[in-house]
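Taking it in order: structure first as structure tokens, then the write-up.
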Amino acid sequence: MIRTVATKPYDDQKPGTSGLRKKVPVFQKENYAENFIQSIFDSLDGFKGKLLVIGGDGRYYNREVIQKAIAIAAANGFGKVMVGQGGILSTPAASHIIRKYKAFGGIILSASHNPGGPHEDFGIKYNAENGGPAPEKLTDAIFAKSKAISQYRIADIAKIDIDTIGTVDAAGMTVEVIDPVTDYAELMEELFDFNALRKLFKSGFRMAFDSMSAVTGPYGKEILENRLGAADGTCRNFHPLPDFGGHHPDPNLVHAKALYDDVMSASGPDFGAASDGDGDRNMVVGKGIFVTPSDSLAIIAANARLAPGYARGIAGIARSMPTSAAADRVAEKLGVGMYETPTGWKFFGNLLDAGKVTLCGEESFGTGSDHVREKDGLWAVLFWLNILAARGESAKDIVTKHWATYGRNYYSRHDYEEVESDKANALVDELRARLGSLPGKKVRGLTVEKADDFAYHDPVDGSVSEHQGIRILFEGGSRIVLRLSGTGTSGATLRLYVERYEPDASKHGIDTQEALADLIAAADDIAGIRSHTGRDKPSVIT
Ligand code: VG1
Ligand code: CO
């Protein structure tokens, strides 16, 4: 029943910030998915007879690749596969299931917040036994194998029914189809005060949770409406659709604008939240206030003890380098460690495993903790609800009081999407070459204090990751960061991150873009964004 199939390598299977992402037609090329999955297995040792978790975000081509992954896993000697019913597992739920059932690892099929459909994006990522994204050492090994692959192994089995819960045999390997929500919902019940949340909803508190027609729909329905008693209609766009209804399942002020507008309207709900394609991102909006992800991390950290799962306090905080330093001030006050890592959740794994940090966050709408090894959208929303319930205050009051205590880090990200790759590379290369000459330079009334190309020295395993983003730090603590995205599938996306710290509470009410205007102009003066990209404004501002 096991076949060995001769194949030719592709040269473009290099995993990016989070797995391999390509357009669906690329994944549909002969043996493309098979090659990559076999390359993953060829990079691993000791999985014979062990458990592999498989699931995805339900996007177009998910079901087909799940069947392939099962058949290749069987042929390579896994003992058992656990797969989410309907092929569904959110990224954080998959991480939890890997940990809970002590799996060898897991394959998650997702291109996250990227659009889905026959001509849109697909993705494959591998998570290790700690439940977290494969570290760079492993993704490098997978890429090397993919460039040299000559054959893959696959079991000749009938299509597995992944819609019916239960256990079947596949060429000697057990396939168990599990409910994708139950284990995750139980974990959330352990971490948060569900009784207090039930009371909150009973008291008339209204929220909207927009799953953006992606994977968190069933999780939101079960947890918010069924277990917590939130009103019918709290969950919106809760049917996972293969094309996400034609939208970008990206919870930000552009793609979740309808939710934002509704919460801001007088008759709208008190609180709104949204999550992305694979359920690891979150956007949080209170009546009258959008909470930036960087602030969200800081506020969760400052209030962590209010949630039962974190009542003992936190060991430390980690944030990606471009994320604002708002959380640093909380860490300092709490007297706990603060770590700055490159972009991408894979860099948090070692810190979490070593117990150095409890909370992690990224400016890109990612927040999480040591409960799993991925960022977790619904977890962050429940954390906010727990804080709201415990403090009995509005999100707006909580945020403004936080600023009054710690100061406000004005923060924004400007994305220039689908720029021609050579133009984007030229911008970065030229800037990198000039870094040494920048300190002391005056731009728009600001003086450059330091400029470098961020390199991370992992304090746990000693590994070094270089070229993780260009940082230009100004006197007084403001900074800009530039880097190229590692998740896009066409052209290059240039990200500009801008941050300014304002300690004076009387100046906390300024519009963000206005507060950052000088820095944004300085970034263009220094990096020549307009002249290089030919764009006069960013595609997305968050
Ligand atoms: C982006 C974000 C990064 C995040 C990554 C994966 O990467 O900036 O913070 O970890 O997406 O998130 P990049 O390389 O495009 O900047 V997800 O929810 O897309 O898996
Ligand atoms: Co995601």
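Quick note: numbers below take in every heavy atom, side chains included, and nothing from hydrogens, waters or symmetry partners. Atoms within a ligand are numbered from 1 in the order they appear, just like the ligands themselves.
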In D276, which N, O or S atom comes closest to the Co ion (ligand 2)? OD2

Taking the six-membered ring for Trp, are F27 and Y32 parallel (under 30°), tilted (30 to 60°) or perpendicular (over 60°)? perpendicular

With distance as the sole criterion, is a donor-acceptor pair present between the side chains of H414 and Q513 under 3.5 Å? yes

Which protein heavy atom lies closest to atom 1 (C) of ligand 1, and at what distance to 0.1 Å? R281 NH2, 3.6 Å

Heteroatom distance test (L484, ligand 1): nitrogen or oxygen, under 3.5 angstrom: no

Tell me whether Y497 has any N or O atom under 3.5 angstrom from an N or O of ligand 1. no

Lys/Arg N to Asp/Glu carboxylate O, D415 vs R495, below 4.0 Å: yes

Should the pair K14-D12 be classified as a salt bridge under the 4.0 Å nitrogen-to-oxygen rule? no

Nearest protein heavy atom to atom 10 (O) of ligand 1, by residue and atom, and its distance? E362 OE1, 2.7 Å

Numbered in order shown, the ligand 1 atoms found under 4.0 Å of a heavy atom of G344 are 10 (O)

Donor + acceptor pair across side chains of S478, E499 (<3.5 Å): no

Ligand-side contact atoms (ligand 1) for residue partner G486, heavy atom cut-off under 4.0 Å: 13 (P), 14 (O), 15 (O)

Say whether E374 and ligand 1 are in contact under the criterion: heavy-atom distance to a ligand atom below 4.0 Å. no

heavy-atom search around atom 7 (O) of ligand 1 in the protein gives T487 CG2, 3.5 Å

Could you check whether D453 pairs with R471 (Lys NZ or Arg NE/NH1/NH2 to Asp/Glu carboxylate O, under 4.0 Å)? no

Closest to the Co ion (ligand 2), among the N/O/S atoms of D278, is atom OD1

First locate atom CD1 of I54, then atom CG of L52, and finally report the distance between them rounded to the nearest 0.5 Å. 4.5 Å

Does this structure show an ion pair linking K147 with D11, if we count only N-O contacts that are shorter than 4.0 Å? no

Would you mind reporting whether L297 and E363 have side-chain heavy atoms less than 4.5 Å apart? no

With a 4.5 Å limit on heavy-atom distance, are the side chains of K137 and S463 in contact? no

With a cut-off of 4.0 Å, which atoms of ligand 1 are near a heavy atom of R495? 8 (O), 13 (P), 15 (O), 16 (O)

Counting from 1 in the order shown, the ligand 1 atoms closer than 4.0 Å to a non-hydrogen atom of D276 are 18 (O)

Name whichever N, O or S atom of D280 ends up nearest to the Co ion (ligand 2). OD1

For atom 8 (O) of ligand 1, what's the nearest protein heavy-atom neighbour? Residue, atom name and distance, please. R413 NH1, 3.6 Å

Identity and distance of the protein heavy atom lying nearest atom 9 (O) of ligand 1: S364 OG, 2.6 Å

May I ask you to check whether K125 has an N/O atom sitting below 3.5 Å from an N/O atom of ligand 1? no

Minimum-distance protein heavy atom relative to atom 17 (V) of ligand 1: S112 OG, 2.7 Å

Which residue and atom name correspond to the protein heavy atom nearest atom 20 (O) of ligand 1, and how close is it? R21 NH2, 3.0 Å

Check this for me: E186, atom CD, are more than 12 non-hydrogen atoms of other residues, nucleotides or ligands nearer than 6.0 Å? yes

Look at the aromatic rings of H371 and W379 and report parallel, tilted or perpendicular, splitting at 30° and 60°. parallel

Indicate if the distance from the Co ion (ligand 2) to the nearest N, O or S atom of T91 falls below 2.8 Å. no

Residue and atom name of the nearest protein heavy atom (relative to atom 12 (O) of ligand 1), distance in Å to one decimal: K375 NZ, 2.8 Å

Under 4.0 Å to a heavy atom of S18 - the qualifying atoms of ligand 1, by number: 6 (C), 20 (O)

